[in-house]
Number of protein chains: 2
Amino acid sequence: MQTYRRDIMAIGIKDIARLAGVSTATVSRALSHPGRVSPETRAQVMAVVEEHDYRVNSFARSLRVRRADAVLALVPNLGNPFFSEIIAGIQDGLTPAGLDLLVTDSLSQQARRQSPVTHLQAARADGLICLDGALPAGILDDLAASDVAGRVVFACEWPDGRGFPVVRSDNRAGMALAVQHLVGLGHRDFALLTGPEGNVLTRERREGAEAALAQAGLSLPPSRIAGGSFEIRDGFRAAGDLMRMPSRPTAILCSSDQLAIGCISGLSELGVRVPQDVSVVGFDDIALAAYSRPPLTTIRQDRRRLGRIAAERLLSSLSGKPLAETLTTLPVEIVVRRSTAAAPAG
Amino acid sequence: MQTYRRDIMAIGIKDIARLAGVSTATVSRALSHPGRVSPETRAQVMAVVEEHDYRVNSFARSLRVRRADAVLALVPNLGNPFFSEIIAGIQDGLTPAGLDLLVTDSLSQQARRQSPVTHLQAARADGLICLDGALPAGILDDLAASDVAGRVVFACEWPDGRGFPVVRSDNRAGMALAVQHLVGLGHRDFALLTGPEGNVLTRERREGAEAALAQAGLSLPPSRIAGGSFEIRDGFRAAGDLMRMPSRPTAILCSSDQLAIGCISGLSELGVRVPQDVSVVGFDDIALAAYSRPPLTTIRQDRRRLGRIAAERLLSSLSGKPLAETLTTLPVEIVVRRSTAAAPAG
DNA sequence: TTGAAAGCGGTACCAT
DNA sequence: ATGGTACCGCTTTCAA
């Protein structure tokens, strides 16, 4: 397909060996196992290495040691800024171990009619961190295959009942926090803006909300559930739908900050005041949450930490240590700002 | 450093050859140059390949063909969601060519005391797309070295006077658009919120604003220039600084949407109404811009397209075609929403 | 059209 | 501590 090739021949280990007056074996050792070489030899070799700015050809090395020193992160959609923090966290976890990060999104994988498993099988990556919980069953089967086992961890999202290791935020507890906050403020009429149908986060957050509501003796009629994606525009649209109903909710639980911001925007357009008329709470605590108007009350999940921990889990799994726990649930907290207030009297 | 290795031995080309009753050469050809193999042989080989889900070991292949089929994207900061659209665009440009995307940020590169050049020299990537215009001079020297020439393109940001190929938005024209819009609305008192000191975008946008202002017979006194980063919190802070001044601006040009949103947030806290008291315009048109309160008037740059074009430029440079132009400047447009209005009488 | 075999650039075993 | 060398898995002449 491609026809180019690296033009110039980079300097190789043989050149270094010749220049330093030692064997290639010694150069290799000086570089990878400095302890196994006499200090003088090492110094000698390193001098030549520095002088010529020699770099080990990573393919030759990987071919020999059967290791890529790279991890693949699979994101549902690269264009979605929500994932950037998690990716940054993954990078944080990988960097100390000297591993590289490969990134793709599910969309372009499909475009190439490839599965992320290809990368593992083709030895391009040692492991996979998957941020997409909605992979097709066929791909999940591949991922569960023995030759790939122990090289995959899910982060943030995950597929159900597959037994993969997963690192996630405590989505249920988060929604419970939101409900309790609102109930404490006197709210009784709730609505919920959900994420996409079939998404685990959608389900967990909904169930978390329903459970907490039930505990307060409240419930969520189907007519009070709207949404269908995590995106702003759907929050905007849902606000209209909700306000058009005969009995209006006084509190809206949103499954993402984007949804919440869109919702508030929609409410404003309709002349509904937040938080005087209705309170809204988000989920995620994205950077903008503190600066939207009004500043958003939301559930903070530490996405960077989530990414880092996922990377660390994968790394220890790769080095053969069995994971202490398959399911790691990170705590969340509520950040009360000004999009929530006491329920309007009446 | 790492001690793990891929546990199982994946099936190799020799196995396929044996199973199909042909030589490895034929298997290789059947896979890479189907035309050079008889239809029967090809079918025979492909059957075995499919059956065992065989994948070419990419390292062995890359070692042999001296090509990585991967491109490295260097982002200043992976955690910054601003870049995700560009990355997605790069992916768009790479996918049709079958190339993989490696991603790192400048921060973790430094942490590893590596330069992106290492990836190129170590043959891990065929080319580099750099979104960081503020690389240290030493690294830029490396990038300019002959053995790396033609394998680098800058996108969005770029270093000055180095002659690297760059793909960017028309930052000056964008600011000019903003100024003209505001001048048309009767504004005479401008302020500018800039990005970080030393950043090219900061400079281009400032110069664009100043030039357009000059053309309208207006100017921007130093006291009316604030900012110092593209981030929300600095927009928030700058709003305070600006409003504390004896003579207040009626229009604030922001070098990013983040800055604009922070600024509006800060103004609101001070009781200053947008757009009745002051108009503010952003730059970028991020997804949230349309949904902030008030919806943000801003300069739209097509970040996805920018990424895609950068990838395409790199690809053609890698395949030896000289670039038609070193500097590619993409058009921007103004999106008028509701954060701008006629200057208050007075 | 097909096969034999020589590497690609390292690493690590086995001697010394 | 060091060197010789087989080999990692694939691609690509070169011959047949």
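Quick note on labels: first sequence line is chain A, next is B, and so on, each numbered from 1.
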Exercise for review: Please name the residue in the list A:Ile90, A:Leu131, A:Val167 that meets the side-chain contact (heavy atoms from CB on, under 4.5 Å) test with A:Leu306.
Suggested key: A:Val167
Exercise for review: To the nearest 0.5 Å, tell me how far A:Leu31 CG sits from A:Ile13 CD1.
Suggested key: 7.0 Å
Point to revise | Whole-Å gap separating C1' (C:dG10) and CG (A:Asp15) | key: 13 Å
Review point. D:dG4 P sits how many Å from A:Arg18 CZ, rounded?
Key: 15 Å
Practice item. Measure from CZ on A:Phe59 to C1' on C:dT11 and round the result to the nearest Å. Key: 17 Å
Review point. Can you find a heavy atom in the side chain of B:Ile86 that is under 4.5 Å from one in the side chain of B:Arg304?
Key: no
Check your understanding: Heavy atoms under 4.0 Å, any strand shown: does A:Thr41 hit a base, just sugar-phosphate, or nothing?
Key -> sugar-phosphate
Review point. Rounded to whole angstroms, how far apart are NE2 on B:His52 and P on D:dG9?
Key: 17 Å
Point to revise | Per-nucleotide protein contact string for nucleotides 10-15 of chain D, where B marks a base within reach and S marks sugar-phosphate only (heavy atoms under 4.0 Å, - for neither) | key: BBBB--
Review point. How many Å lie between CG on B:Asp69 and P on C:dC8, as a whole number?
Key: 20 Å
Review point. To the nearest Å, how far apart are A:Leu63 CG and D:dA6 C1'?
Key: 13 Å
Check your understanding: Would B:Arg303 count as a cation-pi partner of B:Phe82, with NZ or CZ less than 6.0 Å from the six-membered ring centre and within 45° of the ring normal?
Key -> yes
**Study point:** Rounded distance (nearest 0.5 Å) linking atom CZ of A:Arg151 with atom CG of A:Leu314
**Key:** 9.5 Å
Point to revise | Partner residues of A:Arg308 under the salt bridge (Lys or Arg N to Asp or Glu O under 4.0 Å) criterion, sequence neighbours left out | key: A:Glu312
